[in-house]
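Order of the sequence lines sets the chain letters (A, B, ...), proteins ahead of strands, with each chain counted from 1. All of these numbers come straight from a predicted model, not from anything done at the bench.
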2 protein chains.
Amino acid sequence: MPMRKDTAMRKVVERQTGVALWRQIADRIRLAISNGDYDATGMVPPETALAAEFGVNRHTVRSALAALAEEGLVRAVQGRGTMIERKERVSYPISKRTRFSQGLGRQVKEIGTRLLGHAELPATGEVARALDISPGDPVTELRTVSSGDGRPLSVSSSYYPAHRFPRMAEEFEQLHSVTKAFAAHGLDDYVRVSTEIVARHADAEELSMLKLSPGAIVLEALSTNADLDGRPVEYSRSRFAADRMKLKIET
Amino acid sequence: MPMRKDTAMRKVVERQTGVALWRQIADRIRLAISNGDYDATGMVPPETALAAEFGVNRHTVRSALAALAEEGLVRAVQGRGTMIERKERVSYPISKRTRFSQGLGRQVKEIGTRLLGHAELPATGEVARALDISPGDPVTELRTVSSGDGRPLSVSSSYYPAHRFPRMAEEFEQLHSVTKAFAAHGLDDYVRVSTEIVARHADAEELSMLKLSPGAIVLEALSTNADLDGRPVEYSRSRFAADRMKLKIET
DNA sequence: TATAGTTGTCTATATCAATAGACATTTGAG
DNA sequence: CTCAAATGTCTATTGATATAGACAACTATA
């Protein structure tokens, strides 16, 4: 059974699907940029070439490029072409010892985690199950946004058993690091025991927090960290902007 | 600054973003169904209620529900309401010893992997890097679709170094199992060394292979398996229907 | 057997998305 | 300087998307 090669084939976009062609094309070009398809020239192909490639009118391609320019991803110069300003998809490692800022180290110059708010609440069923405590037991919730080079990458809600880590919010506020906040409670090491990953469309809150446009995708990771005795110390629900991140799992 | 609760609030959809309102609403309802928001009644709220909730015309909600009905997710009955037919997400484990059919065992009754085609080709840069061979070295490509209970869950392209596993395609065709095909070449055990996960909109081929509706999301996993000496034996690119699967990472 | 509540269908209108073609403007290379 | 190649702007037309309102058809229940 011979297979057809996909090289230099006309890239198909679908019509009447509720997703405008210019948006589909913008998504595809964004992907091509992050895949490094245009690294040879550092430029996006000419509008006429893209129009032919996708089988659409040049104006439709222009709408797509305008959207990417709005995101700051490309910049068009009359007479020259459309240059790539920034490449996408930071790789986020998930391993036994996942630490947010470490893995991103070389990929982004400046990392920031901002505390949106914190609260002490009774554990819901989901949180209690993950932290191996009883439903209703007090947990500290930290809500954060993390950015790389000024662009939001993820929003997280993390939960800590309040009995064991009573000053989590205060320590984190001072130290700006979960690892250090744990250390302040006398916990020096912890490991990731499980992660569940789901992809879905972003909801309204995520769209605004991550500065995404509607129809955008989030990768949701539900993860549990435990101390070296296996007792869970953190449960968190992180939502990553899917077009800016990939997850790298090291087993 | 006190935070406003989102209960019973008007759910916002955005306009002029290249994503039709009916599709945004369909996505939100699909998410609500899979979250179990409507479990009390087993029905979607009435069209008029949804229209008020999203601040759109009833006809727009009807377009959204028609799309979900097309997917087989809901079924409308005149005079009664719109019933939920299906809500799911199969969990796919990723661990050191990831074997497709094993992990899904209890979740779906009947698993099928169908071979779409195979070929012997020179390794591209990406494949060569992953398999630690030279670009241009021959590799066997297997293209498969896997289904659970009759619904397609994933499409995969897998690559094997042809020198070491010369009969991969034939063995797989007979044995219907990668693990057994490896065994037939004298390889009894292998482990997963790395997995990269990306979420994006499905392209045209994926939409048709996975029987998805346009705008749907795929989870793409790029994974490498190696023998116990650390030599790569398989590189594969699997694309999962995101609204039917979640990935569970065990470290 | 009424009746309230729900989905189904129809008509009409306004706006957005996409196509088509023409031409202007800018850049870089010969 | 000239010209080819690229982006920028404009007009016009068509089809999809969204709104609005009215009413038909069906279901469950009081």
Taking Watson-Crick (N1-N3 plus N6-O4 or O6-N4) and G-U wobble (N1-O2, O6-N3), each under 3.5 Å, can you produce the dot-bracket string of DNA chain D? Use [ ] for crossing pairs and | for inter-strand ones.
||||||||||||||||||||||||||||||
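With sequence neighbours excluded, no residue forms a salt bridge (charged side-chain N to carboxylate O under 4.0 Å, His left out) with A:R114.
A donor-acceptor pair shorter than 3.5 Å cannot be found between the side chains of B:S238 and B:S154.
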With sugar-phosphate taken as primed atoms, P, OP1 and OP2 and all else as base, the protein-contact string of nucleotides 20-30 of chain D at under 4.0 Å (heavy atoms; B, S, -) is BB---BBBS--
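At a non-hydrogen distance threshold of 4.0 Å, nothing from residues 40-50 of chain B comes into contact with DNA chain D. For DNA chain C, none of the residues of residues 61-69 of chain A falls under the heavy-atom distance limit of 4.0 Å.
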Name the atoms and distances for all side-chain donor-acceptor pairs under 3.5 Å in residues 216-224 of chain A, with sequence neighbours left out.
{"unit_1": "A:E220", "atom_1": "OE2", "unit_2": "A:R200", "atom_2": "NH2", "d": "2.8"}
{"unit_1": "A:E220", "atom_1": "OE2", "unit_2": "A:R237", "atom_2": "NE", "d": "3.3"}
{"unit_1": "A:S223", "atom_1": "OG", "unit_2": "A:S236", "atom_2": "OG", "d": "3.3"}

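A distance-only check finds no donor-acceptor pair linking the side chain of B:D27 to the backbone of B:Q24 [under 3.5 Å]. One N or O on the side chain of B:R244 and one on the backbone of B:P152 form a donor-acceptor pair closer than 3.5 Å.
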Quick one, B:E141 with B:S158, criterion side chain to side chain contact (heavy atoms under 4.5 Å, CB included). Give me CA distance, side-chain angles, the key distance, then yes/no.
CA-CA 6 Å; B:E141 178 188 39; B:S158 301; over 6 Å; no
Show your reasoning for whether side chain to side chain contact (heavy atoms under 4.5 Å, CB included) applies to B:E126 and B:Y235.
CA-CA 10 Å; B:E126 177 194 5; B:Y235 174 63; 2.7 Å; yes
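A 4.5 Å side-chain heavy-atom check between A:E120 and A:V139 finds every atom pair outside the cut-off.
We find that A:R143 and A:E205 are joined by a salt bridge, their nearest charged nitrogen and carboxylate oxygen being less than 4.0 Å apart.
Distance B:W22 CH2 to D:dT19 C1': 17 Å, rounded to the nearest Å. Atom-to-atom, CZ of B:F54 to P of D:dA18 comes out at 14 Å; the value is rounded to the nearest Å.
For B:A76, counting side-chain heavy atoms from C-beta on, the closest listed nucleotide (C:dG8, D:dG8, D:dA18) is C:dG8.
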